[in-house]
Amino acid sequence: MTKQFKRTTVTAALIYANGPIHIGHIAGCYLPADIYVRYLRSMGHDVKFVSGTDEHGVPITIKAKKEGITPQEVVDKYYKIIKDSFEEFGISFDIYSRTSNKVHHETSQEMFKNLYDKGQFVEEVTEQYFDEKAQTFLADRYIIGTCPKCSNENAYGDQCEKCGSTLSPTELINPRSALSGEKPVMKPTKNWYLPLDKMQPALEEYIASHPEWKTNVLGQVKSWLNDGLRPRAMTRDLDWGVKVPLPDTDGKVLYVWFDAPIGYISMTKELTDEWQKYWQDPETRLVNFIGKDNIVFHCLIFPAMCMADGRFILADNVPANEFMNLEGDKISTSRNWAVWLHEYLREFEGKQDVLRYALAASAPETKDSDFTWGDFQTRNNSELVGILGNFVNRAFVLTQKNFDSKIPARGELTDFDRQTLDTLAELPNKIGDAIANYKFREALALVMDVARLGNKYLADTEPWKVIKNDVERTGTILNIGLQIAATLSIVSEPFMPFTAAKLSTGLGLSGLNWSDAGNADLLTAGSPIESIGLLFDKIEDTTVQAQIQKLQDAKKMNELAGKEVSAIKDTIQYDDFAKMDLRIGTIEAAEKVAKSKKLLKLTVNDGLKQRTILSGIAEHFSPEDVIGKQVTFLANLAPRPMMGMVSEGMILMAEDKDGSLAFLHPSKDVWSGASIN
RNA sequence: CGCAGGAUGGAGCAGUAGGUAGCUCGUUGGGCUCAUAACCCAAAGGUCGCAGGUUCGAGUCCUGCUCCUGCUACCA
């Protein structure tokens, strides 16, 4: 922090190009990075802001297969959506590129080759599961099998979600491929590993030299270091990605997390011929904005790569944010629980700054935060409209009415005027310091304090009263009010660039930068102001409710779409079937089982006697619904004690897509006890 | 299991080297009327997750515990 740098390279996480972007991405890294960069630019610093899409890796090939298109078509589609929405949202990248570009392939291959030639890799041949039908090696996550610990039949190769234990694919009983359902075979494969274990001391030293990093970042890193780093494969068996630049390596590509961070470098290459200045000069400060899931890659693996390579500078800071939730639930692309940026831009035209404000104000800087539409509305209505918009509007309207839309001259100052101007002069530095220290929420609150200062100044000086008998004094008051607005147009720019631009247009200002903020003479008396209308509009309850409804609909749709018809079980013999005694019975009585959420106690007449069957259907049916119904049940199932009672059989139910249950009735009433063959 | 982060008035968050608990929004009351029923002032509201300990004194240090999140596909 104390070191003086000549220039700054700012990167924002490379987003994976298999879906559009949502508010979590923005709040997590793109908006903070943009605020930071805009501030540095306003300070006159030399800064390059680089980001793009990460277009390699297994999930993209899966997505392509699912949609029946090529991986390239997948990434082309999302690259465009993502790039366009960022641009419209005012994220001011100097370049937004992609890792499928030629220059990126060359750059990462060159770096790989350099590490290889320097002997930095360890070659190792391991046995891995291979899917013969899909002709591909399987990532741990794409192997499904029975958990050795809890016998869950759908455990993943890396973890069983039922019992939570961490697994390795070879531990699974009856492994099968998630792609084809086939049983995978073990096949030897050679890969190149980066020996992180040997590099740990150097990495520890690097981390130790940055005690100023955010606690969540250091904590995460420490967690990895405590565990002890292990060698990590930098190549994968896959045909989608950057080819390994060595002989006889067909079907092998660079590990996405090897090539992705190099993307920052290759994108800078595309941007400028002077790219080396931004990546190799120790007087350049490198700042990587990311979300917390990326911490290990940016704080350990990428630095390790750079150290091994020897040519590149290491990050001076990695200000990672935590995660943002949505209406109390985790944002999820696959569950469609998200506010998509491209949709927001369509539905809230011209309101980029409202979302920028709401996200910056509740960004997950120190811990996970929650975005709610209610909060969005409040922030807009009571802060942007009520405080900022209102102040500007008051100052403008008063000037229009009383001074013919010309900036009035400033006469003699009162103590209160001076006090106000002093406060005004201090705020820009405070805001700048907060931004420089990655405290964007605090910085934004201080920006609002500028508007609050203006509101209070007008309320205390009451120009609408003074005008009745002292025009000159009124002029002084409004001059000061407008000067406050002028500073506001500068300090709000990193956060709300669209609003800031409108405001400077209205005031007839241009070309100002951060050092001008706080100055009380930005506006010259006599120059005109231009009507800019209202900076912000109120957002109505109905608008907000529509968004919430949309989310809920999406959730429902997704639940329905998420179900797939399960595969047919293994073949059985007739004898196996004949063992089951399936019968029709009539439910004669039903009651809820006390203290149980799911169980219903059913009294079923099977033609011979009444039997008690406990069935887990209470969440779907009430006792009145089922009395008198004929149902299919398994009559010779071994009795099973539950909740202090014994269940003598099992009612057969069909589960519908949405999780609701249906009974199996005979198509006409039959006698109780009818057997089923 | 372990490691890491978090748990502070109704909501969202600050609390820097331990010394009477702050901010924004919301609520209530009052004032003002230039302004998008916006603005200004004031008040109410917290035993700082739980239980111990160190200290003259702890939200802040130590120990144990509980809950949430991450480390684990999609994903910032």
Side-chain angles (χ1 to χ4, degrees), chain A residues 12-16 18-19 21-33 58-59 62-63 139-142 156-161 164-167 178 214-227 289-296 320-325 330-335 338 361-372 374-375 378-379 381-383 385-387 389-402 439 441-442 444-445 448-449 452 454-460 462-467 474 478 481 533-538:
Chain A
L14 300 187
I15 196 173
Y16 205 55
N18 71 340
I21 52 167
H22 55 65
I23 54 169
H25 299 122
I26 300 164
C29 88
Y30 301 99
L31 183 57
V58 183
I62 308 269
K63 177 127 193 159
D140 293 357
R141 195 72 194 184
Y142 294 104
Y156 294 102
D158 53 353
Q159 189 208 27
C160 171
E161 294 199 329
S165 49
T166 309
L167 304 172
K214 290 170 65 169
T215 44
N216 59 331
V217 175
L218 288 175
Q220 194 72 232
V221 170
K222 257 186 250 155
S223 160
W224 279 77
L225 292 175
N226 284 347
D227 253 14
F289 283 86
I290 53 170
K292 69 173 161 185
D293 55 337
N294 269 307
I295 289 174
V296 59
N321 270 354
E322 299 285 300
F323 279 176
M324 176 172 257
N325 294 322
K330 220 170 124 167
I331 294 181
S332 163
T333 303
S334 49
R335 290 198 346 265
S362 56
E365 281 179 17
T366 54
K367 61 181 171 195
D368 290 359
S369 65
D370 194 26
F371 177 91
T372 64
D375 178 68
T378 303
R379 293 221 116 100
N381 292 358
S382 61
E383 297 180 26
V385 173
I387 297 168
N390 190 239
F391 162 63
V392 171
N393 192 37
R394 301 169 80 177
F396 271 67
V397 169
L398 284 165
T399 307
Q400 281 156 7
K401 276 191 193 162
N402 301 312
K439 294 181 176 173
R441 277 194 315 225
E442 185 185 318
L444 183 54
M448 292 307 283
D449 281 347
R452 287 193 183 92
N455 271 323
K456 186 164 161 49
Y457 179 74
L458 292 183
D460 290 346
E462 301 182 306
W464 52 91
K465 277 187 190 163
V466 178
I467 189 70
T474 312
L478 288 179
L534 299 169
L535 290 177
F536 300 99
D537 298 308
K538 291 213 126 200

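This is a predicted model, so every value here is computed, not measured. Each chain gets a letter, A, B and so on, in the order its sequence line appears, and its residues count up from 1.
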Next item on the list: Remember a base hit wins even if backbone is also touched, and classify Ile23(A) as base, sugar-phosphate or nothing at under 4.0 Å, heavy atoms.
Entry: nothing

Here the gap from Ile23(A) atom CD1 to Ile331(A) atom CD1, rounded to the nearest 0.5 Å, amounts to 4.5 Å

Taken to the nearest whole Å, CD1/Ile295(A) to C1'/rC3(B) is 14 Å

Out of rA38(B), rU24(B), rU69(B), minimum distance to the side chain of Asp368(A) belongs to rU69(B)

With a 4.0 Å cutoff (strictly under), does any side-chain N or O of Lys367(A) reach OP1 or OP2 of rA7(B)?
yes

Heavy-atom neighbours of Lys439(A) NZ exceed 12 at 6.0 Å
no

Out of rC75(B), rC34(B), rA35(B), minimum distance to the side chain of Asn393(A) belongs to rA35(B)

For Ile290(A), which contact category applies under a 4.0 Å heavy-atom criterion: base, sugar-phosphate, or nothing? sugar-phosphate

Using Watson-Crick geometry (N1-N3 plus N6-O4 or O6-N4) or G-U wobble (N1-O2, O6-N3), each under 3.5 Å, rA42(B) is paired with rU28(B)

Look at the side-chain N and O atoms of Lys538(A) and state whether any lies under 4.0 Å from the OP1 or OP2 oxygen of rA38(B). yes

Between the OH atom in Tyr30(A) and the CD1 atom in Ile290(A), the distance rounded to the nearest 0.5 Å is 11.0 Å

To the nearest angstrom, the CG-P distance between Asp375(A) and rG26(B) comes to 11 Å

Exercise for review: Check whether any side-chain nitrogen or oxygen of Thr372(A) sits under 4.0 Å from OP1 or OP2 of rA11(B), and answer yes or no.
Suggested key: no

Counting N and O atoms only, with roles assigned by atom type, does the side chain of Asn455(A) sit under 3.5 Å from a partner on the main chain of Ile387(A), one being a donor and the other an acceptor? yes

Closest to the side chain of Ile387(A), out of rC75(B), rC40(B), rC39(B), is rC39(B)

Distance check: side-chain N/O of Lys330(A) vs OP1/OP2 of rG70(B), anything under 4.0 Å?
yes

- Task: Using a heavy-atom cut-off of under 4.0 Å over every strand shown, decide if Gly219(A) touches base, sugar-phosphate, or nothing.
- Result: sugar-phosphate

Reckon Met324(A) touches a base, only the sugar-phosphate, or nothing at all at heavy-atom distances under 4.0 Å? base

| Does OP1 or OP2 of rU33(B) have a side-chain N or O of Lys465(A) closer than 4.0 Å? | yes

Checklist entry - Which part of the nucleic acid does Asn321(A) contact within heavy-atom distance under 4.0 Å: base, sugar-phosphate only, or nothing? => result nothing

ask   = Under 4.0 Å: is that the gap between some side-chain N or O of Lys222(A) and OP1 or OP2 of rG5(B)?
value = no

Asn390(A) CG to rC34(B) P, in whole Å, measures 13 Å

Looking only at rC39(B), rA35(B), rC13(B), the nucleotide nearest the Val397(A) side chain is rA35(B)

Output for pair (Asn321(A) CG, Ser369(A) OG), nearest 0.5 Å, gives 8.0 Å

Would you classify Gly24(A) as touching base, sugar-phosphate or nothing, given that sugar-phosphate means primed atoms plus P, OP1 and OP2, and contacts are heavy atoms under 4.0 Å?
base

| message | Rounding to an integer number of angstrom, what distance separates rA11(B) and rA35(B) when you compare their C1' atoms? | response | 28 Å

Q.
Run Asn216(A) and Lys367(A) through side chain to side chain donor-acceptor pair (under 3.5 Å) and show every step you take.
A. CA-CA 8 Å; Asn216(A) 59 331; Lys367(A) 61 181 171 195; over 6 Å; no

Between Ala445(A) and Ser369(A), whichever has its closest RNA chain B nucleotide further toward 5' is Ser369(A)

Please tell me if Asn18(A) has a side-chain N or O lying less than 4.0 Å from either OP1 or OP2 of rC75(B). yes

When we call it a touch if two heavy atoms are under 4.0 Å apart, what does Lys401(A) touch: a base, just sugar-phosphate, or nothing?
sugar-phosphate

To the nearest angstrom, the CG-P distance between Asp537(A) and rA37(B) comes to 12 Å

Of the candidates rG5(B), rC40(B), rC34(B), the side chain of Asp460(A) sits closest to rC40(B)

Across every strand shown, the nucleotide meeting Watson-Crick or G-U wobble geometry with rC13(B) (both distances under 3.5 Å) is rG22(B)

Rounded P spacing from rG64(B) to rG2(B) in Å: 11 Å

Q: Using a 4.0 Å heavy-atom cut-off across all strands, classify Val385(A) as base, sugar-phosphate, or nothing.
A: base

Ignoring hydrogens and geometry, is there a side-chain-to-backbone donor-acceptor pair from Asp368(A) to Phe323(A) under 3.5 Å? yes

Taken to the nearest whole Å, CZ/Arg452(A) to P/rC40(B) is 8 Å

Paired with Glu322(A), the salt bridge (charged side-chain N to carboxylate O under 4.0 Å, His left out) test is passed by just one of Lys292(A), Lys330(A), Lys214(A), namely Lys292(A)

When you compare rG59(B) with rC13(B), how far apart are their C1' atoms, in angstrom units rounded to a whole number? 15 Å

Check: How would you label the contact of Tyr16(A) with the nucleic acid (heavy atoms, under 4.0 Å): base, sugar-phosphate, or nothing?
Finding: sugar-phosphate

**Request:** Quick one: label Arg441(A) by what it contacts on the DNA or RNA (base, sugar-phosphate, nothing), any heavy atom closer than 4.0 Å.
**Result:** sugar-phosphate

Whole-Å distance, Ile331(A) CD1 to rU69(B) C1', equals 14 Å

Between CH2 of Trp464(A) and C1' of rC39(B) the distance, given in whole Å, is 7 Å

Testing rC75(B), rC40(B), rC13(B) for proximity to the side chain of Ala459(A), the answer is rC40(B)

Rounded to whole Å, CD of Glu383(A) lies from P of rU24(B) at a distance of 10 Å

When Thr378(A) and Glu365(A) are each assigned the nearest nucleotide of RNA chain B, the 5'-most assignment goes to Glu365(A)

**Q.** Inter-nucleotide P distance (rG31(B), rG18(B)), Å rounded
**A.** 47 Å

